[in-house]
Amino acid sequence: MNFLEERILKDGVVKEGNVLKVDSFLNHQMDIELFDQMGEEFKRRFEGKNINKILTIEASGIGIACVVARHFGVPVVFAKKSKSINIDGDMYIAEVESFTHKTKNQVIVSKKFLNEDDHVLLIDDFLANGCALQGMISIVEQAGGTVEGIGIAIEKGFQIGGQVIRNLGYHLESLAIVDGMNAEDGSVEFRVYDEDK
Ligand code: 5GP
């Protein structure tokens with residue numbers, strides 16, 4: 001079991017509706033030492049990749065992305081959620097359905113901060129159905145840039161997103177993959193992974 005899986009077992013709370021609450025260390029109160037370990041691990045897993053930018057999505061991806069970025073020595077851009085449709089042409093726009101809030105948002109990135117020369121690592125806290133990632137992928141594509149890899153803290157392996165993204169051929173690394181969880185007894189089951197990976 002790795003450091004993040006241990007922490008999920010210790011402090012994560014399983015809620016009804018397939019929601020894992022990790023707000024004591026990941027997406028409300030944030031454990032920066034843990035983020036730093038995550039950055040080190042992503043750096044190892046994406047060793048040799050030519051990455052010059054990190055893209056994430058507000059709000060809960062931002063903290064993780066910033067600490068991860070220290071390990072890659074690159075800037076972070078975050079996709080902003082916007083209710084109004086921007087038609088002035090200065091923005092890349094994608095539509096993202098929120099898993100937790102069940103709402104649709106436009107996410108936008110200024111054309112100033114992403115272009116065809118960019119080799120991008122996408123970072124997010126959770127992967128569930130993959131909508132957030134699909135939106136970010138679309139934005140990098142609109143910019144003509146390259147998605148070099150995708151780093152996720154917690155993938156919910158029983159939802160479709162991971163499979164869809166891997167089938168599209170992306171190099172996706174999730175630090176913890178939850179294959180099952182039970183709100184009644186609070187149990188969390190992780191995918192068994194290869195220690196030597
Ligand atoms: P997706 O777009 O892959 O369906 O969902 C990803 C987004 O939904 C993440 O950015 C995350 O904020 C949120 N999310 C999805 N599942 C969970 C969950 O079980 N717990 C929490 N805290 N957030 C989740």
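Both ligands and their constituent atoms are indexed starting at 1 by order of listing.
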Short side-chain donor-acceptor distance under 3.5 Å, Gln134 and Ser138
no

Listing by chain and number, which residues have a heavy atom under 4.0 Å from ligand 1?
Asn18, Val19, Leu20, Asn27, Ser60, Phe99, Thr100, Asp124, Asp125, Phe126, Leu127, Ala128, Asn129, Gly130, Cys131, Ala132, Lys156

Working note: Arg191 + Asp179, criterion salt bridge (charged side-chain N to carboxylate O under 4.0 Å, His left out); need CA distance, chi angles, decisive distance, verdict.
CA-CA 6 Å; Arg191 189 164 302 176; Asp179 269 342; 2.8 Å; yes

With no hydrogens and no angle check, is any side-chain donor or acceptor of Lys53 less than 3.5 Å from a backbone partner on His119?
no

Using atom types as modelled and distance alone, determine if a side-chain donor or acceptor of Thr56 lies under 3.5 Å from a backbone N or O of Ile123.
yes

Members sharing Ile177's hydrophobic cluster (side chains within less than 4.5 Å):
none

Would you call Val109 and Phe78 a side-chain contact if the rule is heavy atoms closer than 4.5 Å?
no

